[in-house]
Amino acid sequence: MCGIVGYVGSKKATPVLINGLLSLEYRGYDSAGIAVIENNELSVLKDKGRVANLKQMPEIENLNSSIGIAHTRWATHGKPSRENSHPHLDNSKQFAVVHNGIIENYHELREFLTSKGYSFLSQTDTEVIPNLIHYYYTNGISDEDKFLRAVKSAVDDLKGSYAIEVISKLYPDRVIVVRKDSPLVIGTTKEENFIASDIPAILPYTKDFYLLDDYEYAVIYKDHIKFFDNTLSSRSKAIKNIEWDATAAEKNGFEDYMLKEIYEQPNSIRETIGSRFKLGEKCSFDDINLSKEYLQSINKIYIVACGTAMHAGLIGKNAIEKLCHIPTEVDIASEFRYRNPIIDDKTFCIYISQSGETADTIAALKLAKSKGAKTLAVSNVIGSSITREADYTIYTHAGPEIAVASTKAYTSQIVLLVIFAIYLTENLGRSDVATTESLKADILDLPTKLESVLAETEQIQKFADKIYTEHDMYFLGRGCDYNVAMEGSLKLKEISYIHSEAYAAGELKHGPIALIENGVTVIGILTNPDLVEKSISNLQEVVSRGAKTLIITNQKLSNSNFNYIINIPEINPLVSPILSVVPLQLFAYYIAKNKGLDVDKPRNLAKSVTVE
Ligand code: M6R
């Protein structure tokens, strides 16, 4: 849950490192630091606070080195402080390390090193790494490739997850990197090489990337890179060309990434649809070859994910069950992995992860694979860890999502899951052509209809302006509208810090209605024609107890007791969440803005949760 950057080339390293950190701040932002090799010594600048603080340190201007590593932190072991900030040095100040992940056995490693005379300045798990490297470097490592061998010996002792960069004043021409269960990519050109936790940090410099595998080492020089496997045998590696445009990862005139990403949704959905289907033709997924016999053998589908991705899974379940008649369960990854789910070779498991790096989701996928299920990853990040673990991958192609609060990834995940459900039903031979063709037409209409929803932004902003000082809000809906209510409530909590809950509208009278009193805000989502009347009755119950109501609907409501109504276009209920969630995303956004909060980097959160 931290961001790491590295550079080795001919130009000054610090601007590249700082710019890289700035674009990785979504991964953590409680402290930042940098280490470069200056006149054959390691120079380290670091402190608690954001990358902007680091950038303003006067000493940074004096660093002229063209090799360095850098880190932006999301604290796990030890509070944010200068001592706990990365990079960390060994006691002899010969090795500098930045690390993203968690070293689970750091206590015993610390005790071991302490018994060998090492001392520690921080409370972090990371500080054992440079000291272990020093220990092995000075204890019996042969001279050949001594630096790499010392790093490898240290890494062999680590349990947990890590993406690590190491530099040494003894080897001022190279950066050594290794990873396990934490992301790390290397951007490459003929004269310089870049390292980062995520692609957008180095997109301004290159589109050619190496995606490091677990337990793989890279020794990175300015004009070449050597790759090694876990036994230090050298290996060759193919370059991957990443099509993302660097400007797609910038704000393009929007005040925040979140607002930009909300507005990008008509386009991101166009990209998700891509050429996966045309009217009158079957849906196709080039990278999936599941035989009809296998598809017919599936007796259960699990959709597993966390947070917003899990909410997208709930909508996917509805589409799969309605179109394919296969029982489908949605699970929170952190629960699934420990509840001993019933899985066999007739179970098909879908894992949704925008980042593709969420530790719980990856672990849940590995579990299903080990029990013989086939696994499908739905991800936005090409080459991310989950895509390398899964049997099959389908990409959302929503473009880089930088804001911590997920918006366009969610809508793209839903679109892709619904298209996948159509693909399944067509390949199972269970599709009703009229139904699927009309659904396809509605999917193709989504971008235009979304544009018309976005045109109502001002109305939502007005409502947000009136109620942003409140402390509790409730979201209600039935069926998929309830699933959207859950997503609206999560969005509000995470960026505005307002307490909110989502309830299935029919469940209200079984307890939660006790919370409704004069002036409380209740947001109702009413888009499914079959369920609208029932939800209206439930909302009526809160109106009569004094609640203020905001209604998102695509129906003509006879009842006008509600305070605000946002009308959205009508569409097939299987995809209506894509339209109804947008007012809720905007609602959360404007409430947070009114409260003067940093919407892109909400407190305590990180974009990519690579720890359990
Ligand atoms: O990268 P992932 O899709 O695996 O992330 C899953 C959740 O951590 C993520 O959706 C989180 O809930 C978002 N911050 C919500 O906006």
Side-chain angles (χ1 to χ4, degrees), residues 1 3 24-29 74 181-183 197-200 256-259 261-262 265 268 303-316 330-337 350-365 376-387 389-390 393-396 398-414 416-417 483-484 486-497 500 502 581-582 584-589 592 597-612:
M1 305 261 292
L24 288 178
E25 260 193 320
Y26 67 87
R27 301 178 63 85
Y29 33 85
W74 184 81
D181 294 339
S182 290
S197 302
D198 197 357
I199 290 165
D256 317 87
Y257 282 112
M258 183 177 173
L259 192 61
E261 288 159 10
I262 291 173
Q265 289 176 107
S268 49
I303 303 181
V304 184
C306 302
T308 289
M310 190 276 288
H311 292 162
L314 294 167
I315 314 290
V330 179
D331 251 279
I332 296 168
S334 55
E335 292 293 314
F336 182 85
R337 63 186 288 197
I350 302 175
Y351 295 84
I352 311 171
S353 176
Q354 187 286 130
S355 63
E357 303 296 344
T358 300
D360 282 318
T361 312
I362 295 170
L365 186 149
L376 170 77
V378 176
S379 182
N380 195 35
V381 179
I382 295 178
S384 57
S385 301
I386 204 163
T387 67
E389 290 291 341
T393 296
I394 50 180
Y395 286 106
T396 40
E401 190 182 67
I402 309 291
V404 166
S406 185
T407 53
K408 64 175 181 171
Y410 170 79
T411 46
S412 283
Q413 284 158 355
I414 296 175
L416 197 53
L417 289 167
N483 304 145
V484 173
M486 292 162 80
E487 175 58 9
S489 171
L490 175 65
K491 224 68 322 163
L492 184 68
K493 282 187 223 147
E494 71 176 329
I495 63 166
S496 77
Y497 318 147
S500 81
V581 78
V582 172
L584 303 182
Q585 295 170 341
L586 288 164
F587 178 66
Y589 173 83
L597 299 171
D598 183 342
V599 287
D600 285 341
K601 300 188 192 82
R603 71 183 179 203
N604 304 339
L605 296 178
K607 181 72 179 161
S608 179
V609 185
T610 53
V611 293
E612 244 194 280

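Just so you know, these numbers use all the heavy atoms, side chains as well, and skip hydrogens, waters and symmetry mates. Whatever order the structure lists ligands and atoms in, that order sets their numbers, starting from 1.
- For atom 1 (O) of ligand 1, the nearest non-hydrogen atom of the protein is S355 OG, 2.6 Å.
- In this structure, V404 counts as a contact residue of ligand 1, since one of its heavy atoms falls inside 4.0 Å of the ligand.
- Among protein heavy atoms, the minimum distance from atom 3 (O) of ligand 1 is reached at Q354 N, 2.7 Å.
- Here's the thing with E494: one of its N/O atoms is less than 3.5 angstrom from an N/O atom of ligand 1.
- Considering backbone and side-chain atoms together, T361 places no N or O closer than 3.5 Å to any N or O of ligand 1.
- In this structure, the side chains of D256 and Y589 come closer than 4.5 Å at one or more pairs of heavy atoms.
- Panel note: side chain E261, backbone M258; no donor-acceptor pair is recorded below 3.5 Å.
- Interface of A405 with ligand 1, defined as ligand atoms under 4.0 Å from a residue heavy atom, comprises 16 (O).
- Side-chain contact of S406 with E401: a donor-acceptor pair under 3.5 Å is present, judged by distance alone.
- Those atoms of ligand 1 that come under 4.0 Å of a heavy atom in A309, given as number and element, are 3 (O), 10 (O).
- For atom 6 (C) of ligand 1, the closest non-hydrogen atom on the protein side is C306 O, 3.4 Å.
- In this structure, L586 CG and T407 OG1 are separated by 9.5 Å, a value rounded to the nearest 0.5 Å.
- In terms of polar-atom proximity, defined here as any N/O pair under 3.5 Å, K607 makes no such contact with ligand 1.
- No hydrogens or angles considered: nothing links the side chains of S384 and E357 as a donor-acceptor pair under 3.5 Å.
- For the ligand labelled ligand 1, residue K491 lies inside the 4.0 Å heavy-atom shell.
- Of the protein's heavy atoms, T308 N, 4.2 Å lies nearest to atom 11 (C) of ligand 1.
- Protein heavy atom closest to atom 8 (O) of ligand 1, with residue, atom name and distance, is V609 CG2, 4.0 Å.
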